[in-house]
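Computation of the quantities below employed the complete heavy-atom set of this structure, encompassing side-chain atoms and omitting hydrogens, waters and symmetry-equivalent molecules.
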Amino acid sequence: MDLADLSAPPRPKEPTLNAEPAVQRRLLDLQDLDLQLDQVAHKRASLPEHQALKDLIAEKSVVDRELVTADTEVSDLQREQKKADSDVEQVRQRRARNQQRLDSGQVTSPRDLENLQHEIGSLDRRISDLEDSELEVMEKLEAAEVVQADLRTRAEAFAGRQAELETTRDAALKELDEQRAQLGDKRKAVAAELPENLLAQYQRLREHNGGIGAAPLVGKRCMGCRMELAPSDLNAIKAAPPDAVLRCEECGRILVRTSESAA
Ligand SMILES: [Zn+2]
């Protein structure tokens with residue numbers, strides 16, 4: 001035990017409340033409804049679809065990012081390919097013009113003919129080089145398109161799976177919301193039967209005691225803390241008037257006497 005506990009002042013005594021035994025037992029119904037509502041809230045928060053969606057979206061975002069990179073790469077290469085195509089085309093046209101001049105017989109000077117033939121030769125080499133780079137770009141583009149298509153398929157599969165999970169999750173949430181609404185209506189009706197001060201005490205105790213503010217006395221046991229009461233406490237309970245709202249000496253929760261109680 002901590003030394004601070006020894007010196008701590010005793011808890012201020014709350015006023016003893018009174019309520020008819022039937023009203024006190026109604027508090028147990030309220031407690032039961034509150035626990036069911038807690039369960040619904042817990043189920044709502046811990047649907048497996050929540051985690052599955054979180055994991056899926058994390059994986060999907062990686063693929064989506066890779067797809068953006070792949071799209072950029074493909075469009076860059078497409079531009080490069082167009083440039084390579086037009087480069088080859090330009091040189092081909094120039095070569096064709098030279099060939100035409102050569103074939104036309106208009107060029108007669110041997111020196112000019114030699115120059116023309118020489119230029120055609122170098123244009124042929126240039127065309128061959130450009131065709132090589134054109135081919136290289138085309139191969140790169142094809143490879144990039146394969147990567148892009150694969151990523152697109154994967155991204156679509158992720159999107160499909162995400163939509164499925166969202167549908168399942170929404171259906172589960174809708175069902176839980178309906179349960180919550182039904183329980184909420186019942187709770188409201190029961191709470192309306194209880195005096196305000198008893199309800200307030202119960203709420204406060206429930207908040208500080210893991211969701212259980214009131215428990216029945218079953219045999220000699222408080223079902224809130226599962227402790228068996230001391231004989232002296234049981235005697236005090238026996239002596240208490242039926243409308244006295246009792247508290248468990250062990251856990252402090254409201255202790256409700258029922259037909260199953262030993263006192
Ligand atoms: Zn107790």
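A salt bridge links Arg221 with Glu228: the closest approach of a Lys/Arg side-chain nitrogen to an acidic carboxylate oxygen falls below 4.0 angstrom. Here Asp71 pairs with Arg152 in a salt bridge; the nearest charged N to carboxylate O distance falls below 4.0 Å. In summary, Lys43 and Asp38 do not engage in a salt bridge, as defined by a charged side-chain N under 4.0 Å from a carboxylate O. Ionic pairing of Lys174 and Glu178 is present here: one or more N-O contacts between side-chain nitrogen and carboxylate oxygen are shorter than 4.0 angstrom. Between Lys83 and Asp87, at least one side-chain N (NZ, or NE/NH1/NH2) sits under 4.0 Å from a carboxylate O, which counts as a salt bridge. For Glu114 and Arg111, the salt-bridge test fails: no basic side-chain N is under 4.0 Å from an acidic carboxylate O. Using a 4.0 Å cut-off between a side-chain N of Lys or Arg and a carboxylate O of Asp or Glu, Asp85 and Lys82 do not qualify as a salt bridge. The residues Arg94 and Glu119 are annotated as salt-bridged, a charged nitrogen and a carboxylate oxygen being separated by less than 4.0 angstrom.
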Test side-chain contact (heavy atoms from CB on, under 4.5 Å) applied to Leu165 and Gln162, step by step: CA-CA 5 Å; Leu165 278 170; Gln162 183 179 353; 5.8 Å; no

Residue pair Glu164, Arg161: steps toward the salt bridge (charged side-chain N to carboxylate O under 4.0 Å, His left out) verdict: CA-CA 5 Å; Glu164 269 173 39; Arg161 179 88 187 106; 3.3 Å; yes

Verdict with reasoning, Arg101 to Asn98, per side-chain contact (heavy atoms from CB on, under 4.5 Å): CA-CA 5 Å; Arg101 281 179 68 203; Asn98 283 351; 4.3 Å; yes

Criterion side-chain contact (heavy atoms from CB on, under 4.5 Å) on Lys238 and Asn235, from CA distance to verdict: CA-CA 5 Å; Lys238 275 177 195 157; Asn235 286 335; 4.2 Å; yes

Audit row: Asn197, Gln201, side chain to side chain donor-acceptor pair (under 3.5 Å) steps and yes/no: CA-CA 6 Å; Asn197 55 4; Gln201 188 178 60; over 6 Å; no

Pair Gln51-Asp55, side-chain contact (heavy atoms from CB on, under 4.5 Å): steps then yes or no: CA-CA 6 Å; Gln51 189 57 47; Asp55 295 345; 2.9 Å; yes

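Atom CG of Leu35 and atom CG of Leu30 lie 10.0 Å apart (nearest 0.5 Å). A distance of 11.0 Å separates CG in Leu33 from CG in Asp185, rounded to the nearest 0.5 Å. Taking OH of Tyr202 as the start and CG of Leu27 as the end, the distance is 6.5 Å to the nearest 0.5 Å.
Here the side chain of Glu134 pairs no donor or acceptor atom with the backbone of Gln81 at under 3.5 angstrom. Judged by distance alone, the side chain of Ser128 and the main-chain N or O of Asp124 form no donor-acceptor pair under 3.5 Å. For the pair Gln31 (side chain) and Gly211 (backbone), a donor-acceptor distance under 3.5 Å is present. Arg253 places a side-chain N or O within 3.5 Å of a backbone atom of Asn209 that can act as its donor or acceptor partner. A donor-acceptor contact shorter than 3.5 Å is absent between the side chain of Gln24 and the backbone of Val256. In this structure, the side chain of His118 does not engage the main chain of Leu113 through any donor-acceptor pair within 3.5 Å. A donor-acceptor pair under 3.5 Å is formed between the side chain of Ser261 and the backbone N or O of Leu217.
Side-chain contact between Gln100 and Asp103 is absent, with no heavy-atom pair separated by less than 4.5 Å. Side-chain contact between Leu116 and Asp112 is absent, with no heavy atoms from C-beta onward closer than 4.5 Å.
Contact detail for Gly224 and Ile212: the closest heavy-atom pair is CA-CG2, 4.5 Å. Of all heavy-atom pairs between Cys248 and Leu229, the closest is SG-CD2, 4.2 Å. Across every non-hydrogen atom of Val40 and Arg180, the tightest pair is CG1-CB, 4.1 Å. Scanning both residues, Arg187 and Gln203, for their nearest heavy atoms gives NH2-OE1, 3.4 Å. Taking both residues in full, the closest heavy atoms of Asp64 and Ala155 are given as OD1-CB, 3.7 Å, listed atom of the first, atom of the second, then distance. Taking both residues in full, the closest heavy atoms of Leu246 and Arg257 are given as CD1-NE, 3.3 Å, listed atom of the first, atom of the second, then distance.
For Arg44, the CZ atom counts as densely surrounded, since its 6.0 Å shell holds more than 12 non-hydrogen atoms of other residues, nucleotides or ligands. Within a 6.0 Å sphere centred on CD of Gln78, other residues, nucleotides and ligands contribute more than 12 heavy atoms. Within 6.0 Å of CD in Gln93 there are more than 12 heavy atoms belonging to other residues, nucleotides or ligands. Atom CE of Met227 has 12 or fewer neighbouring heavy atoms from other residues, nucleotides or ligands inside a 6.0 Å radius. A 6.0 Å sphere centred on CD of Glu131 holds more than 12 heavy atoms belonging to other residues, nucleotides or ligands.
Side-chain atoms of Arg95 and Gln99 include a donor-acceptor pair closer than 3.5 Å.
Hydrophobic clustering keeps Leu123 apart from Leu102 (ILVMFWY residues linked when any side-chain heavy atoms are closer than 4.5 Å, directly or through intermediates).
Between Arg247 and the choices Leu205, Thr16, Leu255, the side-chain contact (heavy atoms from CB on, under 4.5 Å) rule is met once, by Leu205.
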